[in-house]
Amino acid sequence: MRIAIELHGTIRHGLWSAERGESRWAQNLAAVLARAGHELIVFGPVDNQDGRDGWGVMPPFPGVRLLDWTLSAGFECDLYTDTAWYSGKSEVARHLPRAKHILRGYFSRQLAGVTEEPWPAHHHLIYPYEHTAAGMKDCANGPGHFLPYVMLPLEWWMGELPVAERGGVLWGNKTPLAPGLPESYREWALYALEWMDRHARVPKTILCATDLPAGQTAKFGHATVLPAAPFGYVLDFMHRASVCLNTPAWGSFPMEASLEGCVPIGWWGDPFLEPLYRAAGETHLLLDPARPSRAALEAALDVLLYDEEVRAVLRLVARKRLAPYSPGNTLACFERIVQEIGL
């Protein structure tokens, strides 16, 4: 099929350009479908300043074309899908391609605009998280289609990225710079940065997944925050680091790190991390998001960095828990949805 997908955020490094979770959803889905033999056109704000048509420092992905979103209006394809955190965010949705069917993907429970009026018959709702289904009971557009595994098929192309000897910490979080999060999260993040500054083993440059504006950087002691780095670099850091140190703002980052053998620090209440540490018998290492503590952070990191036996157990349990998140399951779910909508 000829499939068009919208990628949120500036496309500087092809399918590794993600700025938010919904961008990685689009990237992963495009990669899985292209590898399955479909023709993929990815629309978004393409940055071509380096003359590489939006691929930047990363290699072009076979079967994928990148086009600026201004070219999407009237573009003919079999299927078009957009991904958004909430209704109305999509740029391409205002310039829709001419598609036989349209899959409109939503992450959030914020469904204003999704539930108000019925869409045309060839528009269909899809979502990747089970908790989103709770808001679909009274949806004018039906309960939608669940595409659960699309967030994390990262390891499929890991062979294309360099792998170095492991050591040190990968830091990924949205604080202390992003607004709207609890003050305790900011305090945890500052403790983490202080810890990294005191330990020579940790790399001087720490990659950070944050909501800073593209191109903006920030300096905390010896740790440089790089918010706009291509996601391929994040994956490379996941390969090279022993431990993923994320603040307690829930997201897919710890799961992505776990898939690459980088052990994430644990937080009470996190829907992935708390069950992971419980299954591994290491709940004493879990940190309380509401009670920042330098001592607790240092104690947990001392174990995770220097006790290979504990790391090995956590890696094994994480692999088992994340087994469904594979390109094969993503493709199977997508093909089931295509059959359901009659394409």
Side-chain angles (χ1 to χ4, degrees), residues 21 128-131 148-149 151-155 158 163 165-175 181-182 184-185 187-196 198-199 201-203 206-207 209 234-235 237-326 329:
Y129 291 138
E130 289 183 5
H131 68 242
Y149 302 124
M151 276 297 292
L152 303 175
L154 300 177
E155 60 182 342
M158 285 302 90
V163 181
E165 183 177 353
R166 288 190 183 275
V169 173
L170 165 67
W171 183 53
N173 82 131
K174 295 186 176 182
T175 56
L181 293 175
S184 62
Y185 289 17
E187 199 168 343
W188 274 117
L190 291 173
Y191 289 167
L193 287 164
E194 290 173 4
W195 182 91
M196 289 187 288
R198 293 198 306 271
H199 289 71
R201 176 178 175 180
V202 178
I206 307 299
L207 201 59
V234 181
L235 301 182
F237 271 66
M238 287 177 181
H239 269 291
R240 293 192 278 126
S242 296
V243 175
C244 168
L245 174 56
N246 63 294
T247 45
W250 184 84
S252 62
F253 201 78
M255 293 187 283
E256 293 162 340
S258 295
L259 278 173
E260 308 313 322
C262 181
V263 175
I265 201 162
W267 299 96
W268 286 107
D270 186 283
F272 170 69
L273 294 171
E274 183 178 330
L276 168 62
Y277 275 73
R278 285 189 180 280
E282 301 292 346
T283 54
H284 61 288
L285 296 176
L286 287 168
L287 304 177
D288 184 346
R291 300 176 64 183
S293 166
R294 286 186 178 90
L297 178 67
E298 292 186 3
L301 286 172
D302 281 346
V303 173
L304 294 178
L305 273 172
Y306 303 114
D307 193 326
E308 178 54 39
E309 184 176 342
V310 171
R311 282 208 306 272
V313 172
L314 285 167
R315 285 193 191 111
L316 178 62
V317 175
R319 282 277 172 176
K320 290 180 178 179
R321 296 186 65 85
L322 292 171
Y325 292 88
S326 69
N329 278 338

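Values reported hereafter were calculated over all heavy atoms of this structure, with side chains retained and with hydrogens, waters and symmetry mates removed.
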Practice prompt. Return the minimal non-hydrogen interatomic distance between Arg319 and Ser258, and the atom names on each side.
Written response: NE-O, 4.2 Å

Discussion item. Rounded at 0.5 Å granularity, tell me how far CG in Leu287 sits from CG in Asp270.
Written reply: 11.5 Å

Worksheet item: What distance do Cys244 atom SG and Met255 atom CE have between them, rounded to the nearest 0.5 Å?
Response: 11.5 Å

Worksheet entry | Exercise: identify the closest heavy-atom pair between Leu273 and Pro264 | CD2-CG, 3.5 Å

Practice prompt. Verify, without hydrogens or angle tests, whether Trp188 (side chain) and Asp288 (backbone) share a donor-acceptor contact under 3.5 angstrom.
Written response: yes

Worksheet item: Ion pair present between Arg311 and Glu282, side-chain N to carboxylate O less than 4.0 angstrom?
Response: no

Item to complete: For Asn329 and Ala323, work out which heavy atoms get closest and say how close.
Response: ND2-O, 4.3 Å

Worksheet item: At what distance, to the nearest 0.5 angstrom, does CG of Leu314 lie from CG of Leu285?
Response: 7.5 Å

Fill in: Validation row: Tyr277, Val317 side chains within 4.5 angstrom (heavy atoms)
no

Worksheet item: So, does Glu274 use its side chain to make a donor-acceptor pair with the main chain of Gly269 at under 3.5 Å?
Response: yes

Discussion item. Walk me through whether Ile265 and Leu297 qualify under side chain to side chain contact (heavy atoms under 4.5 Å, CB included).
Written reply: CA-CA 9 Å; Ile265 201 162; Leu297 178 67; 3.7 Å; yes

Worksheet item: Does Glu309 CD have over 12 foreign heavy atoms under 6.0 Å away?
Response: no

Worksheet item: Taking all non-hydrogen atoms of both residues, which atom of Trp268 and which atom of Thr283 are closest, and how far apart?
Response: CZ2-O, 3.7 Å

Practice prompt. Please report the shortest heavy-atom distance between Leu245 and Ala192, naming the atom on each side.
Written response: CD2-CB, 3.4 Å

Worksheet item: In Å and rounded to the nearest 0.5 Å, what is the CD to OH distance from Glu298 to Tyr191?
Response: 11.0 Å

Worksheet item: From Ser184 OG over to Arg291 CZ, what is the distance, rounded to the nearest 0.5 angstrom?
Response: 11.5 Å

Item to complete: Measure across Lys320 and Pro324 and return the closest heavy-atom pair with its distance rounded to 0.1 Å.
Response: O-CD, 4.4 Å

